[in-house]
Amino acid sequence: MSADSALGPAAAPRPASRERAIGLLCAFAVVLVWSGFALSGRLSARQAFTPWDVGALRYAGSLLAGLALVARFGWPRLPWRRALGLMAGAAFGFPLAAYWGFSFAPAAHGGVIMTGLLPFATALLAALFLGERFSRGRALSLAVVALGIGLLASDTFGTYPGAWRGDLIFLLGCFSWASFTVLIRRWGVSAITATTVLALYPPLLYLPVWWLVLPSSLGTASPGAIGFQFFYQGFIAVVVAGFLFTRAVVALGGGLTTTITALTPALAALAAWPLLGEPLGLAGLAGVAMVSAGMALGVLVGGR
């Protein structure tokens with residue numbers, strides 16, 4: 001079976017309501033995976049890794065998963081220029097910005113900037129390159145999300161005044177993923193094809209560079225830490241998240257999908273409180289509530 005035949009245009013059409021339900025389930029699953037990505041990325045900064053080591057574990061794990069996908073679905077049929085475009089945003093720009101940024105800033109910052117601002121970055125790029133516009137309802141939902149993100153930022157950013165370097169790096173990662181979102185919509189890339197490309201090809205480019213050039217402290221890390229980051233970053237964050245996100249965009253469009261994933265910073269910030277000792281104040285809790293309300297409004301508007 002080819003990669004495209006699993007979910008491609010030749011498949012039997014699904015009813016619109018079922019397709020939407022599948023997209024919503026995938027989008028909310030992405031929120032869970034991305035929240036874990038933010039937490040594990042911040043945790044890696046406290047472990048005996050350089051940011052480049054975490055990237056190496058990610059790509060080593062994804063290479064094994066990519067080979068398994070090729071064995072099941074065959075080699076992805078995508079022109080090399082398009083493959084490079086997808087990899088630049090989702091395989092290199094987004095994760096490497098996250099690992100590097102978490103060296104300077106906490107999990108809440110990464111969640112707020114990289115995923116909280118994602119619907120706005122995506123809307124900007126979609127307007128510039130796809131000519132997409134959105135309704136008053138969607139504008140209202142984004143305004144509520146923006147208010148919540150602002151509250152969450154006001155609560156967490158003042159606690160870490162030296163984190164601005166990480167924040168700028170996170171912003172680069174946000175626009176990297178937004179470009180990936182726009183490209184898969186523009187090119188109509190199937191979920192299996194995009195997932196296989198992101199899992200298989202980037203390790204071939206990154207791992208030799210890491211081995212020969214980039215600083216590493218992997219030899220001092222514990223086997224448990226290596227195994228956890230290898231599995232989560234290499235399989236869950238690449239294969240599972242990549243497939244779910246692409247499938248959600250195919251079903252719902254980039255606008256609604258990224259509105260739902262704006263819930264990620266709220267969930268990550270809540271989880272970072274007990275797990276990483278990074279607490280939230282009243283403004284942060286109010287921001288979580290506002291982001292959740294804006295996301296719910298976006299789903300309702302998208303349903304109409």
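Everything numeric in this text was worked out from a predicted model, so none of it was measured. Sequential numbering from 1 along the given sequence is applied to the chain's residues.
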Are [X] and [Y] grouped together when hydrophobic residues (ILVMFWY) are joined by side-chain heavy atoms under 4.5 angstrom apart?
{"X": "Phe170", "Y": "Leu172", "result": "no"}
{"X": "Ile192", "Y": "Leu25", "result": "no"}
{"X": "Leu84", "Y": "Leu204", "result": "yes"}

So does [X] have more than 12 non-hydrogen atoms from other groups sitting under 6.0 Å from [atom1]?
{"X": "Leu282", "atom1": "CG", "answer": "no"}
{"X": "Trp100", "atom1": "CH2", "answer": "no"}
{"X": "Arg81", "atom1": "CZ", "answer": "no"}

Yes or no on side-chain contact (heavy atoms from CB on, under 4.5 Å) for Leu218 and Ile226, after CA distance, side-chain angles and deciding distance? CA-CA 8 Å; Leu218 191 63; Ile226 292 174; 4.1 Å; yes

On the 0 to 90° scale, with breaks at 30° and 60°, tag the Phe245-Trp177 ring pair as parallel, tilted or perpendicular.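 Perpendicular: the ring planes of Phe245 and Trp177 meet at over 60°.
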
Under 30°, 30 to 60°, or over 60°: which ring-plane class applies to Trp75 and Tyr201, parallel, tilted or perpendicular?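 Correct class here is parallel.
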
Report yes if some heavy atom in the side chain of [X] is under 4.5 Å from a heavy atom in the side chain of [Y]; otherwise report no.
{"X": "Trp211", "Y": "Leu207", "result": "no"}
{"X": "Ile260", "Y": "Val31", "result": "yes"}
{"X": "Leu151", "Y": "Met290", "result": "yes"}
{"X": "Ser179", "Y": "Leu125", "result": "yes"}
{"X": "Leu64", "Y": "Phe235", "result": "no"}
{"X": "Val250", "Y": "Arg247", "result": "yes"}

Main chain of [Y], side chain of [X]: is a donor-acceptor contact present, judged purely on distance under 3.5 Å?
{"X": "Ser216", "Y": "Asp53", "result": "no"}
{"X": "Ser217", "Y": "Thr220", "result": "no"}
{"X": "Thr257", "Y": "Ala248", "result": "yes"}
{"X": "Thr122", "Y": "Pro119", "result": "no"}
{"X": "Thr50", "Y": "Pro215", "result": "yes"}

Mind checking the [atom1]-[atom2] spacing from [X] to [Y]? Nearest 0.5 Å is all I need.
{"X": "Leu267", "Y": "Leu32", "atom1": "CG", "atom2": "CG", "answer": "6.5 Å"}
{"X": "Leu78", "Y": "Met87", "atom1": "CG", "atom2": "CE", "answer": "9.0 Å"}
{"X": "Leu275", "Y": "Leu270", "atom1": "CG", "atom2": "CG", "answer": "10.5 Å"}
{"X": "Thr261", "Y": "Met114", "atom1": "OG1", "atom2": "CE", "answer": "12.0 Å"}
{"X": "Phe231", "Y": "Phe228", "atom1": "CZ", "atom2": "CZ", "answer": "9.5 Å"}
{"X": "Leu57", "Y": "Gln229", "atom1": "CG", "atom2": "CD", "answer": "7.0 Å"}

If you compare all heavy atoms of [X] against all heavy atoms of [Y], which two are closest, and at what distance to 0.1 Å?
{"X": "Ala38", "Y": "Phe102", "answer": "O-CZ, 3.6 Å"}
{"X": "Gly85", "Y": "Leu183", "answer": "O-CD1, 3.8 Å"}
{"X": "Ala48", "Y": "Ala221", "answer": "O-CB, 3.7 Å"}
{"X": "Gln47", "Y": "Ala225", "answer": "NE2-CB, 3.7 Å"}
{"X": "Leu24", "Y": "Leu252", "answer": "N-CD1, 3.7 Å"}
{"X": "Ala241", "Y": "Val33", "answer": "CB-CG1, 3.6 Å"}

Between Phe37 and Ile236, is the side-chain contact (heavy atoms from CB on, under 4.5 Å) condition met? List the steps. CA-CA 9 Å; Phe37 171 79; Ile236 302 298; over 6 Å; no

Can you list the steps and then say if Tyr59 with Phe92 is a ring-ring contact (aromatic ring centres under 6.0 Å, His included)? CA-CA 10 Å; Tyr59 297 123; Phe92 294 122; 5.8 Å; yes

Apply side-chain hydrogen bond (donor to acceptor under 3.5 Å, both in side chains) to Arg58 and Tyr206, showing your working. CA-CA 10 Å; Arg58 174 189 180 94; Tyr206 180 87; over 6 Å; no

Tyr232 and Leu39: CA distance, side-chain angles, deciding distance, side-chain contact (heavy atoms from CB on, under 4.5 Å) verdict: CA-CA 11 Å; Tyr232 198 94; Leu39 296 171; over 6 Å; no

Between Thr193 and Ser190, is any side-chain donor less than 3.5 angstrom from a side-chain acceptor?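 Yes, Ser190 and Thr193 have a side-chain donor paired with an acceptor closer than 3.5 Å.
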
Where do Leu285 and Trp273 land on the side-chain contact (heavy atoms from CB on, under 4.5 Å) test, with the steps shown first? CA-CA 11 Å; Leu285 293 173; Trp273 192 344; 4.1 Å; yes

